[in-house]
Participant: 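Structure provided below as structure tokens; questions to follow.
None of the values given here were measured: they were computed from a predicted structure. Residue numbers begin at 1 in each chain, while the letters A, B, ... track the order of the sequences.
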Amino acid sequence: MERGTIPIDSLSGGFDLQSTVESGQTYVWAREDDRMYEDAPAYGGDAWYYTVLPDDRTGGDPVVVRARQRDGVLEWAASIDAEPHLVELLRLDDDLDAIVAATPDDPLLEAAYDAYRGMRLVRDPPFASLISFICSAQMRVSRIHGMQVRLAREYGNAVEFDGRTYHAFPRPAQLAAATEAELRDLGLGYRAPYVQRTAEMVATGEARPEEAAGRPYEAAREYLTQFVGVGEKVADCVLLFSLGYLEAVPLDTWIRTAIAEHYPDCDQGSYAETSRAIRERFGGEYAGYAQTYVFLYLRTGGEA
DNA sequence: TATCCAAGGTAAGTT
DNA sequence: AACTTACCTTGGATA
């Protein structure tokens, strides 16, 4: 067992672990106390969280990484040196002060940033991100999370850590081998065939989410929509929360509400044009940061 | 207690 | 291309 700490004040713009992993952008983290989403994300939470690094990240078996934020440090424990993984997964290398400073002056954006200061975007493993956002269609955040937990328990490799059994997120071939009926039994509903077929596409090498990376933003979004169950919105989520396209602004119900109430001129009808307009309104390069703050702020009861 | 509704949308079919 | 409609499931709101 290795352990380490990362001082929060060494990170530009600070950090808030709870709002980062409970904001609805990532579904690869869980709380050891099993109370994910039960208390509203707010600065000050000090629960232990864990994630399981997929084997294609570790080069060997999946690795459990445990982390919590307390007394001004991010503590971690794992069987390997987890710090570089945490820096990447939780985007601790982002200059959050600069990102906030580059955000346009706007009452809604300021309120959202003030409410959850320290929240960072994430870099989720691409396959898990793809599957979890396929599952997100017309679904509540807490239930999306529950689906991912059940998928991991049912199809993912077991990993022992600190006297407990954890499960990695399934590999593409493991999910591809599932049947639609089995996935429906896990509560996926009409998303079940989408997940199976997309997993099959990745397993066979027909397409892989990583291959979207490196393309210009809109071309990358187009690439991802070839997966079954992936439209423009889900594609934007994968680009933003996994592949590092910080300009992506997923147009979900909350953002569409915000557009209607605050930026009606950005409603251009089609997804592509509206997306372009709100992306510009949110400052372009880091528009996805603004989107995620606004999403969390509105979803947790902030004044629209 | 029963019914209704909406949840981080997408695919397939029509105009 | 833009517009409709069906789709699983369920916790929480409403009657």
Participant: Evaluate the ring planes of A:Y27 and A:H145, with Trp represented by its six-membered ring, and classify them as parallel (under 30°), tilted (30 to 60°) or perpendicular (over 60°).
Facilitator: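 Geometry flag for A:H145 against A:Y27: tilted rings.
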
Participant: Separation of A:Y194 atom OH from B:dG8 atom C1', in whole Å?
Facilitator: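 Between C1' of B:dG8 and OH of A:Y194: 16 Å.
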
Participant: Under 3.5 Å, is there a donor-acceptor pair between the side chain of A:R68 and the main chain of A:E75?
Facilitator: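 Pair absent, no side-chain N/O of A:R68 close to backbone of A:E75.
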
Participant: Taking the six-membered ring for Trp, does A:W254 stack with B:dG8 (centroid gap under 5.5 Å, planes within less than 30°)?
Facilitator: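 No, the aromatic ring of A:W254 does not stack with the base.
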
Participant: Let's test your reading of the pairing rules: Watson-Crick or G-U wobble, both distances under 3.5 Å, then write DNA chain B as a dot-bracket string with ( ), [ ], | and dots.
Facilitator: |||||||.|||||||

Participant: With a 4.0 Å heavy-atom cut-off, tell me which residues in residues 122-154 of chain A come close to DNA chain B, sorted by residue number.
Facilitator: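 Heavy-atom contacts with DNA chain B come from A:S136, A:A137, A:Q138, A:M139, A:R140, A:V141.
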
Participant: Select from A:Q291 and A:V230 the residue whose nearest nucleotide in DNA chain B is closer to the 5' end of that strand.
Facilitator: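 Residue closer to the 5' terminus by nearest nucleotide: A:Q291.
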
Participant: Can the ring centres of A:F282 and A:Y289 be said to be less than 6.0 Å apart?
Facilitator: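 When the ring centroids of A:F282 and A:Y289 are compared, they turn out to be at least 6.0 Å apart.
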
Participant: Taking atom C1' of B:dA7 as reference, at what distance in whole Å does atom NZ of A:K233 sit?
Facilitator: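 After rounding, the reported distance stands at 11 Å.
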
Participant: On DNA chain B, does the nearest nucleotide to A:P250 precede the nearest nucleotide to A:F227 from the 5' side, or the other way round? Give the residue.
Facilitator: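 Its nearest nucleotide being more 5', the pick is A:P250.
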
Participant: Quote, to the nearest angstrom, the P distance that separates C:dA6 from B:dG8.
Facilitator: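 That atom pair is separated by 23 Å.
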
Participant: Centres of the A:Y50 and A:F161 rings: under 6.0 Å?
Facilitator: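 No - the distance between ring centres of A:Y50 and A:F161 does not fall below the 6.0 Å cut-off.
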
Participant: Kindly say whether, by distance alone, the side chain of A:Y190 makes a donor-acceptor pair under 3.5 Å with the base of B:dG9?
Facilitator: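 Donor-acceptor pair under 3.5 Å: yes.
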
Participant: Distance between the P atoms of C:dC8 and B:dG13, in whole angstroms?
Facilitator: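 That atom pair is separated by 14 Å.
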
Participant: Using atom types as modelled and distance alone, determine if a side-chain donor or acceptor of A:Q69 lies under 3.5 Å from a backbone N or O of A:L17.
Facilitator: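 At least one qualifying donor-acceptor pair exists.
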
Participant: Rounding to a whole Å, what distance do you find between A:L183:CG and C:dT9:P?
Facilitator: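 So the CG-P distance, A:L183 to C:dT9, works out to 12 Å.
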
Participant: Going by heavy atoms in the side chains, are A:M147 and A:M139 under 4.5 Å from each other?
Facilitator: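 Answer yes - side chains close enough.
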
Participant: Any non-hydrogen side-chain atom of A:Q291 less than 4.5 Å from a side-chain atom of A:L251?
Facilitator: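 Counting from C-beta outward, A:Q291 and A:L251 never come under 4.5 Å.
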
Participant: Could you check how far CG of A:L224 sits from P of B:dT10, rounded to whole Å?
Facilitator: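 Distance, rounded to whole Å: 12 Å.
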
Participant: Calculate the interatomic distance between A:Y271 atom OH and C:dA1 atom P; express it in whole Å.
Facilitator: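 Checked: the OH to P distance equals 18 Å.
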
Participant: Is A:R197 reaching over with its side chain to a backbone N or O of A:V228, donor-acceptor style, under 3.5 angstrom?
Facilitator: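 Answer holds: no.
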
Participant: For A:E232, report the nucleic acid contact type (base, sugar-phosphate, nothing); a contact means any heavy atom under 4.0 Å.
Facilitator: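 Sugar-phosphate: the residue A:E232, judged by heavy atoms under 4.0 Å, touches backbone atoms but no base.
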
Participant: CD of A:E222 versus C1' of C:dA1: gap in Å, rounded?
Facilitator: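 In whole Å, C:dA1 C1' and A:E222 CD are 14 Å from each other.
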
Participant: Do A:F295 and A:Q25 come within less than 4.5 Å of each other through their side chains, counting heavy atoms only?
Facilitator: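 Side-chain contact under 4.5 Å: no.
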
Participant: For a quick check, tell me whether the side chain of A:R191 and the base of C:dC7 share a donor-acceptor pair closer than 3.5 Å.
Facilitator: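 Check fails, no donor-acceptor contact within cut-off.
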
Participant: If you look at every strand shown and take non-hydrogen atoms under 4.0 Å, does A:G231 touch a base, only sugar-phosphate, or nothing?
Facilitator: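 A:G231: backbone/sugar contact only, no base atoms under 4.0 Å.
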
Participant: Side chains of A:Y286 and A:D94: closer than 4.5 Å at any heavy-atom pair?
Facilitator: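 Not touching, per the 4.5 Å side-chain cut-off.
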
